[in-house]
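One structure is given here, and the rest of the page talks about it.
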Amino acid sequence: MNISDFHGSASTLSVESSGRGLAGATTHGVGRSTPLRVDAQRNLEHVLRAAREVFGELGYGAPMEDVARRARVGVGTVYRRFPSKDVLVRRIAEEETARLTEQAQTALGQEEEPWQALSRFLRTSVASGAGRLLPPQVLRVGSAAEEGAEEAEVARVPHQRQAVATGGAPDLRVVGSRPAAGDEPLDDAGAGALLEVVGRMVDRAREAGELRTDVTVADVLLVIATAAPALPDPAQQAAASTRLLDILLEGLRSRTV
């Protein structure tokens, strides 16, 4: 699942890709904004909902035509709101990053027991489907040797260091301010907030002896991004997702508990 480079002028990104106050307004000149017409606002909401569904099901590689078809609008309508697919992808990815951060903060603030906080966050995120829209730049898989040159940069973000894998096994890392080759960085503030709050949950659960000592933030995010195969019956789908998460949670938990 790859995202091409994000391009577009600063004005385009500020209007279309940021989730801050842009759903219901369009800009005309510096410092001036007017509400979208009712039909335009409705179309925008349809497009965003459809994009979340399509990208959640097919990944960020899905074409804009699929988004337009799901939204029941012409593809030209999609491009009028989002002049390129990259702008739409960035919008969805940043919104979902903020959504996951909010879910993590809620779990951390309302659950006193470290394992319960982590478990609640994972169950809430998987149930909401937010993990399927995690930006691909957040996670990267590579060998420890290949990552060696980037160790100083990776270490800048708290909780990102992972024990070196043995025998050449894949080393899963969280990527914060430094993206993979060909990828633009995420919104640093949004990605940083997510990594920080999940990192606190991981540290608390590990210090309480409830989480395996080798589990990292990257592992937790990988669990969120893992989905059960699509099944035609909604009840079976829910049951499969719950069962898969139970298995993954058991794999994260310390064997001394």
Side-chain angles (χ1 to χ4, degrees), residues 1-9 12-19 22-23 36 39-101 103 124-142 172 174-175 179-187 190-191 194 218 221-234 236-238 240-241 244-245:
M1 182 166 62
N2 297 315
I3 301 179
S4 59
D5 293 339
F6 293 114
H7 295 295
S9 66
T12 297
L13 289 177
S14 66
V15 172
E16 300 292 357
S17 66
S18 172
L22 301 180
L36 291 173
D39 58 338
Q41 174 66 28
R42 184 171 57 249
N43 284 341
L44 175 58
E45 292 171 355
H46 288 335
V47 168
L48 289 173
R49 185 181 305 112
R52 292 186 191 98
E53 293 175 357
V54 170
F55 293 147
E57 294 169 9
L58 304 177
Y60 283 122
M64 292 282 265
E65 288 77 9
D66 284 2
V67 174
R69 191 177 303 112
R70 184 73 61 91
R72 297 185 177 182
V73 298
V75 71
T77 298
V78 179
Y79 278 109
R80 278 195 295 274
R81 298 261 43 90
F82 301 96
S84 74
K85 178 183 172 183
D86 298 332
V87 174
L88 176 58
V89 165
R90 181 184 286 274
R91 170 72 173 265
I92 298 299
E94 290 182 354
E95 286 184 353
E96 292 307 307
T97 300
R99 184 182 182 186
L100 284 169
T101 302
Q103 291 172 346
T124 301
S125 299
V126 170
S128 69
R132 293 194 297 272
L133 292 165
L134 265 174
Q137 296 100 317
V138 169
L139 294 177
R140 190 170 86 183
V141 177
L172 185 64
V174 174
V175 177
D183 285 338
E184 287 284 330
L186 294 173
D187 170 55
L194 175 61
L221 296 180
L222 182 62
V223 169
I224 294 172
T226 302
L231 299 174
D233 182 79
Q236 291 181 356
Q237 178 68 47
S241 295
L244 176 60
L245 182 55

Pair E65 + R69: basic N to acidic O under 4.0 Å: no
Between Q103 and T124, do the side chains contain an N or O donor and an N or O acceptor separated by less than 3.5 Å? no
Does any part of the side chain of F82, heavy atoms only, come nearer than 4.5 Å to the side chain of I92, both counted from C-beta? no
What are the two closest heavy atoms between L231 and Q237, and how far apart are they? N-OE1, 2.6 Å
Main chain of G61, side chain of K85: is a donor-acceptor contact present, judged purely on distance under 3.5 Å? yes
When rounded to the nearest 0.5 Å, the distance separating CD of E95 from CG of L100 is 12.0 Å
R49 with E45: basic N within carboxylate O range, under 4.0 Å: no
Side-chain heavy atoms of N43 within contact of R81, under 4.5 Å: no
E96 vs L134 side-chain heavy atoms within contact, under 4.5 Å: no
Test side chain to side chain contact (heavy atoms under 4.5 Å, CB included), reference T226, set L244, V126, L221, output is L244
Taking the side chain as every heavy atom from C-beta outward, state whether D66 and F55 have any pair of such atoms under 4.5 Å apart. no
Could you walk me through whether E57 and R70 satisfy the salt bridge (charged side-chain N to carboxylate O under 4.0 Å, His left out) test, starting with their C-alpha distance in whole Å, then the side-chain angles of each, then the deciding distance to 0.1 Å, before giving a yes or no? CA-CA 12 Å; E57 294 169 9; R70 184 73 61 91; 2.9 Å; yes
